[in-house]
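All of these numbers come straight from a predicted model, not from anything done at the bench. Chain letters run A, B, ... following the sequence lines, proteins first and then strands; every chain starts at 1.
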2 protein chains.
Amino acid sequence: MVRSMADDRWVPPTVLLAVDLVILTLRNACLQVLLVERGIDPYQGMFALPGGFLNHEREDLVTAAHRELAEEAGLGPDQLHLEQLAVYGAPDRDPRGRVVSAAYLAIAPRLPEPIAGTDAVQACWTPVAQALSGAPRLAFDHEQILADGVDRAREKLERTALATAFCGPTFTIAELQDVYEIVWGVPLDPRNFYRKVQSADGFIVPADASRKTDGGRPARLFRPGPRTTLHPPMPRPHSRADKEKA
Amino acid sequence: MVRSMADDRWVPPTVLLAVDLVILTLRNACLQVLLVERGIDPYQGMFALPGGFLNHEREDLVTAAHRELAEEAGLGPDQLHLEQLAVYGAPDRDPRGRVVSAAYLAIAPRLPEPIAGTDAVQACWTPVAQALSGAPRLAFDHEQILADGVDRAREKLERTALATAFCGPTFTIAELQDVYEIVWGVPLDPRNFYRKVQSADGFIVPADASRKTDGGRPARLFRPGPRTTLHPPMPRPHSRADKEKA
DNA sequence: GGAATAGTGTCTGTAAGACATTATCCG
DNA sequence: CGGATAATGTCTTACAGACACTATTCC
């Protein structure tokens, strides 16, 4: 582990460890990510993913992620999916010095409008498509991190029950379908979708006190079931772009 | 990013950054991982994944991974798959202090027997099944890292062309099937496997100077094709264990 | 009844699972 | 020839894609 070199007292370099968050949610039929406006240099005034350094020497990474989630987005650990995304450690990714960032992906259900960061910073939901096309250019390598996070979410929709994390405690099948359609950016057939989710035992379970209105026939309500993985996966139509790459 | 607290001069804690490698290969019809015997404390004499601290302040993470790959396994960057696995940062994972480890997954083709670590440390291939069942108990949280690495490899075989990374520059279809069977630990039907890989355009391409012998009809040789992802994926039989969990 | 949305059914093509047969090498 | 391994073919079943219909609410 430690190199046995000429200099016996060689000590490895230390780095600053940050935790950055890709927090995704659905708003206005649109996949959105939470961005904060940076109040200090570097990149002052630009937008960035919420995040920050470890608070103290003994803070766990996931703990730090949850802390930032609370501080900057007001989101508690319940009713929220959180998973590690990747580490970003390019030597020049932060002008202040060697900062390595552990990125986490969080999926939040639809929330009451105003996300007030308790940290007195500007936090606002931004459509992912906008952020990725450089509309507000993001600080650091956060555009890359965001892209990776969205990719991960798209992939996990196929093989896991992650979609329910975008919904509230109960939801209709149409709402669940919206999740897939919006995150993937493709239309799905309601009948086939229906058949699929119903035949995947344990994916969603009926919330028996079921009802909800919209002008038409009331839809049954469901809650997330015990199943976390989907076999076979939810079929994902391939966009032309994907096919060109393949 | 930086917290605006009472103490204006608060500085974030620093950590030591290590890079650890899960290097997988196929030997003796068995999935094996490269382990090194630790020469110093902590965990002196125990086995661990190859790895080490960053060499200097400006070393990139992937660069460090490649360096360790060369130093401890004698593996160059060619003919080798390398991808990031995850970060491990539990505060007490290293008794020396706060050490955060970026784990990388490497897939090596079958190699001529002796892997001589140039670093004068004992490096030896060990069957993954053994290492995971605690036969040689691994140092730190390396058992977890190894498990995650194997999981990742298993998953990626389904949806990507990763399997070819286990093979040499050219290979037969039977050899490719071996990869799947050994890594997944399940038998596959040769005919169906044949049909599948042949119908996946660009997965493997014939290496026209084709031949190889074994006592039977010579098999055609193939090289990895341009395609990196498999649509639809290679079907993976589910073991009973998987079904119980689902 | 009409508009609107929810839920169900049917047909068809594609691809996976199971299994038999032919082809090409060695001795 | 026989033994061995490679390559190809056929039948059946599961499931996705496409599309038509019935059901329940509000007006």
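The nearest whole Å value for the distance from the CG atom in A:L188 to the P atom in D:dG17 is 9 Å. Atom-to-atom, CD of A:Q198 to P of D:dA16 comes out at 14 Å; the value is rounded to the nearest Å. Across the protein-nucleic acid pair, B:R236 atom CZ and C:dA15 atom P stand 22 Å apart, rounded to whole Å. What separates NE2 of B:H231 from P of C:dA16 is a distance of 14 Å, to the nearest Å. C:dG17 atom P lies 11 Å from atom CE of B:M234, rounded to whole Å. Remark: P of D:dA6 and CD1 of B:I204 are 13 Å apart, rounded to the nearest angstrom. In this structure, A:R220 places its CZ atom 15 Å from P of D:dA23, rounding to the nearest Å. In this structure, the CD atom of B:E158 is 18 Å from the P atom of C:dA15, given to the nearest Å.
Contacts of residues 175-184 of chain B with DNA chain C (heavy atom under 4.0 Å): none.
Pairs engaging residues 170-194 of chain A under the salt bridge (Lys or Arg N to Asp or Glu O under 4.0 Å) rule: A:E175-A:K212, A:D189-A:R191 [sequence neighbours left out]. Under the ring pair (Phe, Tyr, Trp, His ring centres under 6.0 Å) criterion, the residue pairs touching residues 172-192 of chain B are B:Y180-B:W184, B:Y180-B:F193, with sequence neighbours excluded.
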>> Return a single string for nucleotides 18-27 of chain C, one symbol per nucleotide in 5' to 3' order, where B is base contact, S is sugar-phosphate-only contact and - is none, cutoff 4.0 angstrom on heavy atoms.
In response: BBB--BBBS-
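Remark: B:T164 pairs with no residue by the side-chain hydrogen bond (donor to acceptor under 3.5 Å, both in side chains) rule, at least two apart or across chains. Contacts of B:Q144 classified as side-chain hydrogen bond (donor to acceptor under 3.5 Å, both in side chains), with partners at least two apart in sequence or in another chain: B:D148. For the side-chain contact (heavy atoms from CB on, under 4.5 Å) test, residues two or more places apart in sequence or in another chain that qualify with B:F222 are B:F171, B:I173, B:Q198, B:I204, B:P206, B:R220. Applying the side-chain contact (heavy atoms from CB on, under 4.5 Å) rule to B:E83 yields the partners B:H81, B:L105, B:R152, B:K156; only residues at least two apart in sequence or on another chain are considered. Among residues two or more places apart in sequence or in another chain, the side-chain hydrogen bond (donor to acceptor under 3.5 Å, both in side chains) test is passed with B:R195 by B:N192.
Within the 4.0 angstrom heavy-atom criterion, only backbone atoms of the sugar-phosphate kind lie near A:P232; the bases stay farther away.
Taking side-chain N and O atoms only, A:K196 has a distance below 4.0 Å to OP1 or OP2 of D:dA16.
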>> salt bridge (Lys or Arg N to Asp or Glu O under 4.0 Å) for B:R159 and A:E158? Distances and angles first, verdict last.
In response: CA-CA 12 Å; B:R159 308 184 71 76; A:E158 295 185 55; 2.7 Å; yes
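A donor-acceptor contact shorter than 3.5 Å is absent between the side chain of A:T160 and the backbone of A:T229.
The side chain of A:P235 approaches D:dG17 more closely than any other nucleotide in the set D:dG17, D:dT8, C:dG7.
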